[in-house]
Each structure stands twice: as structure tokens, then as C-alpha cells.
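Counting convention: from 1, in listed order, for ligands and their atoms alike. Keep in mind that the numbers below use all heavy atoms, side chains included, and drop hydrogens, waters and symmetry copies.
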Amino acid sequence: VERVFSGVQPTGNLHLGNYLGAIQRFVEMQKSHQCIYCVVDQHAITLWQDPKSLASAIREVTAAFLAAGIDPKAHIVFNQSQVAEHAELAWVFNCVARMGWLNRMTQFKEKAGKDKEAASVGLFAYPTLMAADILVYRATHVPVGEDQKQHLELARDIAAKFNNDFGDSIAANGFNGGFFPLPEPLIQGAATRVMSLRDGSKKMSKSDPSDLSRINMTDDADTIAAKIRKARTDPEPLPGEEEGLKGRPEADNLVSIFAALSGRTVAEVLAEFGGGQFSTFKTALADLTVAKISPITAEMKRLMADPGHIDAVLAEGSDRARAIAAPIMASVKDIVGFIRAK
Ligand code: TYM
């Protein structure tokens with residue numbers, strides 16, 4: 001059976017890249033799949049988080065999921081730390097993955113900065129926990145933005161090595177054809193890599209010191225319009241065809257955002273706006289962004305006013321997630337050779 005899993009870190013400043021690259025896709029996947037969506041609070045603390053801000057960021061991501069249209073009854077919405085099986089499986093995976101594999105992870109290099117010795121062990125082991133998030137549900141499909149591709153490849157490598165290292169035991173425990181599926185990344189749509197509004201060579205990110213670089217899910221309509229007006233562009237008019245976006249990262253980014261928000265292709269967007277000035281296009285883009293994002297922002301605010309309700313959604317989702325994860329983790333213990341009460 002096909003099962004979707006994905007996660008978002010509660011580290012503040014949820015932005016348009018997170019929405020277009022991930023959350024909007026999560027909403028679509030609900031039509032065709034059983035979906036599990038996780039607020040990955042344990043991943044967040046690989047970099048120090050202020051405890052009060054962390055709790056509020058967990059609720060904010062949850063509110064964004066719900067406000068965007070994720071149905072927590074038909075699917076599962078929860079926070080990672082309430083399901084202990086994630087961390088439990090991550091330990092087994094720490095013993096399956098190789099140092100060399102993790103040493104190649106570009107996100108660690110970026111996030112650790114110059115002083116690698118001072119980075120937390122958790123930041124280094126981040127991808128094994130991510131593999132555990134997915135595989136503790138034996139999930140098969142993982143909608144993510146382009147920046148998570150390398151982590152997904154590592155998750156596949158871990159699944160394959162586990163299946164291979166424990167092949168005989170897996171078969172002896174009655175599982176045919178391997179225990180873990182090799183999870184498939186779903187990196188789809190017009191906006192798998194939304195770039196900074198200030199610099200077309202950098203991705204839009206929660207941690208960019210410039211707030212003008214991103215559209216936050218909590219920005220009001222005026223702020224959104226002002227940020228788009230100030231977005232960096234080049235002096236040429238928009239091209240009529242996709243080819244013409246080559247070497248023009250800022251133009252490419254804005255057109256891709258328009259396409260993703262409107263559900264149209266880049267070609268269709270250029271057919272309408274090609275040859276025109278940026279100012280006209282930016283006005284249309286600002287209107288579209290406000291029309292799409294502001295209702296979500298308003299609903300997030302409404303939900304955030306009742307933290308008790310959000311916490312109840314997370315508690316219920318965690319119970320249902322645990323019910324799937326626990327028997328899978330029990331089988332992992334049997335396969336590895338641990339003794340457990342039966
Ligand atoms: P995170 O919290 O950084 O981002 C959440 C999702 O948003 C996508 N994304 C983007 N997409 C397009 N353009 C951008 N500029 C942009 N920035 C972020 C990310 O690709 C991601 O899909 N490691 C993950 C969280 C995670 C996870 C998992 C994901 C933990 N366990 C298991 C999938 C499955 C992360 O840090 O995402």
C-alpha cells in the first residue's frame with residue numbers, strides 16, 4: 001500500500017517556499033493517498049531553540065497545515081516528539097548508516113558553518129532521524145522541496161542497507177522482499193525551489209537575516225505587496241517563452257511563483273505577461289499572492305488563538321501515528337535480535 005509521509009520543522013518564519021514546495025503539495029496528496037504529516041520538533045533542536053518559541057512554532061506549523069486544508073481526521077497530523085518510535089528507530093539507523101554517507105550531506109556543511117567541531121551531534125545525525133520518520137511508517141512517497149533530495153537518497157540507502165544487512169532475519173520473521181520500502185521523493189510542481197526575493201541565487205529560507213527575502217505565512221496583505229514590489233529584478237521586460245528565463249534567476253523565480261500559485265504552467269504565465277514590464281507583472285503577482293495566502297494567514301490566526309484545540313489535534317494525531325509505528329518498531333526489534341515482552 002502506498003503511504004505518504006512528510007515533515008516541516010518548527011523553527012519560525014514559515015514562508016512561501018515551504019507552502020509552495022511542500023504544504024500545498026501535502027494538501028493535494030490527500031486526494032489519492034493515506035497521508036501522515038509531522039511537525040518535526042526533534043529536528044528543530046539540532047540548533048538551539050528557545051523553549052517558549054519552540055512550543056509556539058510547533059503550534060504555528062500545525063495551524064498552517066490545518067489552515068491550508070489538511071484534514072486531521074481523514075489523515076494524520078502530529079508532532080514528532082510525541083511518538084517515541086521515531087527516535088528509537090533513528091538509533092538503529094545510526095548503526096546502519098556510515099559516517100562517510102553523512103559526511104557527504106551538504107545541508108550539514110551549510111548549517112554547521114565554519115566551526116564543524118562546535119556543531120551538535122544531532123545536527124550531524126539529522127538525516128538518520130529523517131529516514132526513521134519516514135520508515136517507521138514504511139511510507140513509500142515523500143513530497144518535499146528540491147533541497148531535501150539528498151536526504152531522501154540517504155533514506156533510500158539506509159532502507160536498502162537494513163534490508164540487506166538483516167536479509168536472513170527479515171525472511172525468518174516472515175517478511176518477503178525486504179522489510180523497508182525504498183521511499184520515493186516527490187519533487188513536483190512549478191516551485192520546488194523558491195528563491196530569495198533579494199538574491200536569485202539563494203533559496204528562500206527561514207534563517208535569512210533579511211525579512212524582505214521571503215514572504216512569511218504570517219505577513220499581512222500590505223507587507224506581501226511591498227515585498228513583491230521591492231523584489232529584485234533585471235531591467236529587461238519579461239520574455240514570451242521559457243527559454244528566455246535562462247540566466248535570469250530573479251525573473252524565473254517570480255514567474256515560477258506565479259505559476260505555482262495559479263496552478264498554471266510557466267509557459268502559460270509567460271504567454272500572458274511576456275513582453276510586458278515587471279511593474280505590471282508584479283502588481284498581478286502581489287494580488288494573486290495576497291488572494292491565496294491571506295485567507296490561510298487569517299485562518300492560522302484564528303486557530304492560534306485556541307492553543308488548546310491545536311494541542312488536542314496533535315495529541316490525537318500522535319496516538320494514531322503511534323498505532324502505526326509501534327508494530328513496525330516491534331518487528332524491527334525482532335529482526336535486529338532484541339528481546340522484548342510479547
Ligand atoms: P524544512 O522544515 O526546512 O522545510 C519544509 C519543507 O519545505 C520545503 N522548502 C522549500 N521548497 C521550495 N522552496 C524553498 N525555498 C523551500 N524551503 C523549504 C522543504 O524542501 C521541505 O519539504 N528535513 C526537512 C524536514 C523533515 C522531513 C522529514 C521531510 C524531517 N523529517 C521526513 C520529509 C520527510 C526540513 O528541514 O524541511
Side-chain angles (χ1 to χ4, degrees), residues 3-27 29 35-47 49 57-58 60-62 64-65 68 78-81 83 86-87 89-90 93 105-108 110-111 122-123 125-156 158-159 183-208 213-217 249 252-253 256-257 259-261 321:
R3 181 179 280 158
V4 165
F5 180 95
S6 198
V8 175
Q9 289 197 67
T11 42
N13 297 331
L14 202 61
H15 55 71
L16 189 64
N18 299 129
Y19 179 69
L20 293 178
I23 299 172
Q24 192 183 52
R25 313 272 317 134
F26 296 178
V27 174
M29 299 296 305
C35 303
I36 305 176
Y37 296 128
C38 183
V39 185
V40 290
D41 48 10
Q42 289 171 314
H43 276 113
I45 65 163
T46 55
L47 301 173
Q49 303 295 321
I58 293 168
E60 186 178 299
V61 173
T62 310
F65 282 177
F78 74 108
N79 60 313
Q80 190 182 31
S81 62
V83 181
H86 290 238
L89 182 59
F93 286 173
M105 295 294 112
T106 55
Q107 184 178 290
F108 174 77
E110 283 161 28
K111 291 207 173 173
L123 189 66
Y126 183 111
T128 59
L129 178 59
M130 181 162 160
D133 295 338
I134 300 163
L135 293 169
V136 83
Y137 303 98
R138 298 214 276 178
T140 53
H141 292 81
V142 186
V144 283
E146 170 73 33
D147 61 345
Q148 296 302 314
K149 193 170 172 216
Q150 195 184 34
H151 287 157
L152 258 297
E153 278 159 13
L154 188 88
R156 293 168 64 91
I158 290 175
E184 241 180 78
L186 299 176
I187 302 172
Q188 294 164 336
T192 57
R193 188 173 175 81
V194 176
M195 307 309 278
S196 156
L197 298 180
R198 304 301 293 168
D199 178 349
S201 69
K202 282 201 295 189
K203 75 173 182 197
M204 186 177 284
S205 120
K206 293 170 186 157
S207 57
D208 193 314
S213 71
R214 68 181 157 262
I215 290 173
N216 300 302
M217 293 305 288
D252 190 346
N253 189 39
S256 300
I257 291 173
L261 281 170

Contacts of type side-chain hydrogen bond (donor to acceptor under 3.5 Å, both in side chains), residue T11, not counting sequence neighbours: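 T11: no side-chain hydrogen bond (donor to acceptor under 3.5 Å, both in side chains) contacts found.
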
Check: F78 ring centroid to H86 ring centroid under 6.0 Å: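 Yes; H86 has its ring centre under 6.0 Å from that of F78.
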
Side chains of residues 140-147: which donor-acceptor pairs under 3.5 Å do they make with residues two or more places apart or in other chains?
{"residue": "T140", "atom": "OG1", "partner": "R3", "partner atom": "N", "Å": "2.8"}
{"residue": "T140", "atom": "OG1", "partner": "R3", "partner atom": "O", "Å": "3.2"}
{"residue": "D147", "atom": "OD2", "partner": "K203", "partner atom": "NZ", "Å": "2.9"}

Do D208 and K202 sit within salt-bridge range, that is, some charged N less than 4.0 Å from a carboxylate O?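 Salt bridge present between D208 and K202.
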
Mind checking what makes side chain to side chain contact (heavy atoms under 4.5 Å, CB included) contact with Q188, not counting sequence neighbours?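 In terms of side chain to side chain contact (heavy atoms under 4.5 Å, CB included), with neighbours along the sequence ignored, Q188 is linked to R25, L186.
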
Between ligand 1 and the protein, tabulate every N or O atom pair separated by less than 3.5 Å, reporting distance only.
{"residue": "ligand 1", "atom": "2 (O)", "partner": "Q9", "partner atom": "N", "Å": "2.8"}
{"residue": "ligand 1", "atom": "2 (O)", "partner": "K206", "partner atom": "NZ", "Å": "2.9"}
{"residue": "ligand 1", "atom": "4 (O)", "partner": "N18", "partner atom": "ND2", "Å": "3.4"}
{"residue": "ligand 1", "atom": "7 (O)", "partner": "N18", "partner atom": "ND2", "Å": "3.2"}
{"residue": "ligand 1", "atom": "11 (N)", "partner": "G17", "partner atom": "O", "Å": "3.2"}
{"residue": "ligand 1", "atom": "13 (N)", "partner": "V194", "partner atom": "N", "Å": "2.8"}
{"residue": "ligand 1", "atom": "15 (N)", "partner": "V194", "partner atom": "O", "Å": "2.8"}
{"residue": "ligand 1", "atom": "15 (N)", "partner": "M204", "partner atom": "O", "Å": "3.0"}
{"residue": "ligand 1", "atom": "20 (O)", "partner": "G145", "partner atom": "N", "Å": "2.9"}
{"residue": "ligand 1", "atom": "20 (O)", "partner": "D147", "partner atom": "OD1", "Å": "2.4"}
{"residue": "ligand 1", "atom": "22 (O)", "partner": "G145", "partner atom": "N", "Å": "3.2"}
{"residue": "ligand 1", "atom": "23 (N)", "partner": "Y126", "partner atom": "OH", "Å": "2.6"}
{"residue": "ligand 1", "atom": "23 (N)", "partner": "Q148", "partner atom": "OE1", "Å": "3.0"}
{"residue": "ligand 1", "atom": "31 (N)", "partner": "D133", "partner atom": "OD2", "Å": "2.7"}
{"residue": "ligand 1", "atom": "36 (O)", "partner": "Q9", "partner atom": "NE2", "Å": "2.8"}
{"residue": "ligand 1", "atom": "36 (O)", "partner": "Y126", "partner atom": "OH", "Å": "2.7"}

Show your reasoning for whether side chain to side chain contact (heavy atoms under 4.5 Å, CB included) applies to V4 and I36. CA-CA 6 Å; V4 165; I36 305 176; over 6 Å; no

